[in-house]
Amino acid sequence: MNKANPHLDCQFCEARFKSVFCDLNKEEVTELSTHKACTIYKKGQDIFKQDSYPHGIYCINAGKVKLFQLAENGREQIVRLAKPGDLLGYRAILGGEKYTSTAEAIVETSVCFIPKNLFFKFVETNNAITLQVMKLLSNDLKNAEHKITDLAQKPVKERMAEAILFMKEVYGFENDNATLNVVLTREEIANIAGTATETAIRILADLKNDGVLEFTGKKIKISKMNKLVHVANILD
DNA sequence: TATCGCTTTGATCTGATACG
DNA sequence: CGTATCAGATCAAAGCGATA
């Protein structure tokens, strides 16, 4: 199933420098390196599941991950997209709770598991990490609040435009500086915007007709960024 | 070539708001 | 109040491309 990947040394890990572990000293990096366990997940594989208990946290080394909650009606709501350097599952660990969402690889993804004890040790002894984690938490909270307001107040077209911009924020562009560096299904995009797949498809077609977006297969190119931002009706 | 999963499209239903 | 309108969801069916 999942290939273990023992050769990744935290000392040289590019992703670590973008993570909460960027401020570790040399001994701590060594400790992290010896206790973490790196695993490769194939596209579509779950890293952890909603309602299960956490035993540690996950740090993405390479790849892309979506986090979603399963609603009563069976629909998924994507609550977060994650990239290399991002931490997964830390809120559940800190709160001593079950996972409130499922994490699934959207492409082949390499993830390092850091045991609970080690994570808590870092948080207790390293102020820089504590501060970083607090920043993460407050950022998550801000995003969650923003999402609530969006879903409650904004029409679908604005949410769809925002969903596209969100994908761009997290994963950026390809070399042409316009094509999103991520491929999601229409259903997944709908699940970011919180709408039905059919509605998402119709709105994407509208945005194409308006000359805002272009499609090549499942790839999305933003041809008129200013117009897309305008459609998204972002107030700040 | 048969099949599967995803995408698209049209038709219809529903709930919220506006309006006479 | 009753009802007209609108946004969006739901349902059904067809299209389409990758893959076994």
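The chains referred to below are lettered A, B, ... by the order of the sequence lines, with proteins before strands, and numbering in each begins at 1. Note that these values count all heavy atoms, side chains included, but never hydrogens, waters or copies made by symmetry. Computed from a prediction, not measured in an experiment: that's the story for all the values here.
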- Task: Would you kindly say whether A/T179 and A/D176 are connected by a side-chain donor-acceptor distance under 3.5 Å?
- Result: yes

Closer than 3.5 angstrom, by distance alone: can the side chain of A/Q45 be matched with the main-chain N or O of A/K42 as a donor-acceptor pair? yes

Contact string for nucleotides 13-20 of chain C, one letter per nucleotide 5' to 3', B = base within protein heavy-atom range under 4.0 Å, S = sugar-phosphate only, - = neither, reads --------

Discussion item. Under 4.0 Å between a side-chain nitrogen and a carboxylate oxygen: does that hold for A/D140 and A/K147?
Written reply: no

Considering only heavy side-chain atoms of A/V156, the closest of B/dC6, C/dT10, C/dG8 is C/dG8

| message | Taking the cut-offs as 6.0 angstrom to the six-membered ring centre and 45 degrees off its axis, would you call A/K66 and A/F68 a cation-pi pair? | response | yes

Is the closest side-chain donor-acceptor distance between A/D46 and A/T102 under 3.5 Å? no

Rounded to whole Å, NZ of A/K218 lies from C1' of B/dC6 at a distance of 6 Å

Rounded to whole Å, CG of A/N73 lies from C1' of C/dC11 at a distance of 15 Å

Checking A/E162 against A/H146: is there a side-chain donor and acceptor pair closer than 3.5 Å? yes

Per-nucleotide protein contact along nucleotides 8-13 of chain B, 5' to 3', at a 4.0 Å heavy-atom cut-off (B base, S sugar-phosphate only, - neither), is BBBB--

Contacts of A/N177 meeting side-chain hydrogen bond (donor to acceptor under 3.5 Å, both in side chains) (sequence neighbours excluded), chain-then-number -> none

To the nearest 0.5 Å, atom CD1 of A/I222 lies from atom CE of A/M167 at 8.5 Å

Between NZ of A/K154 and P of C/dA7 the distance, given in whole Å, is 17 Å

When rounded to whole Å, the CG to P distance for the pair A/L151 and C/dG8 reads 12 Å

- request: Would you please confirm or rule out a distance under 4.0 Å between OP1 or OP2 of B/dG5 and any side-chain N or O of A/T185?
  value: no

Compare side-chain N and O positions of A/T195 against OP1 and OP2 of C/dG8 and report whether any pair is under 4.0 Å apart.
no

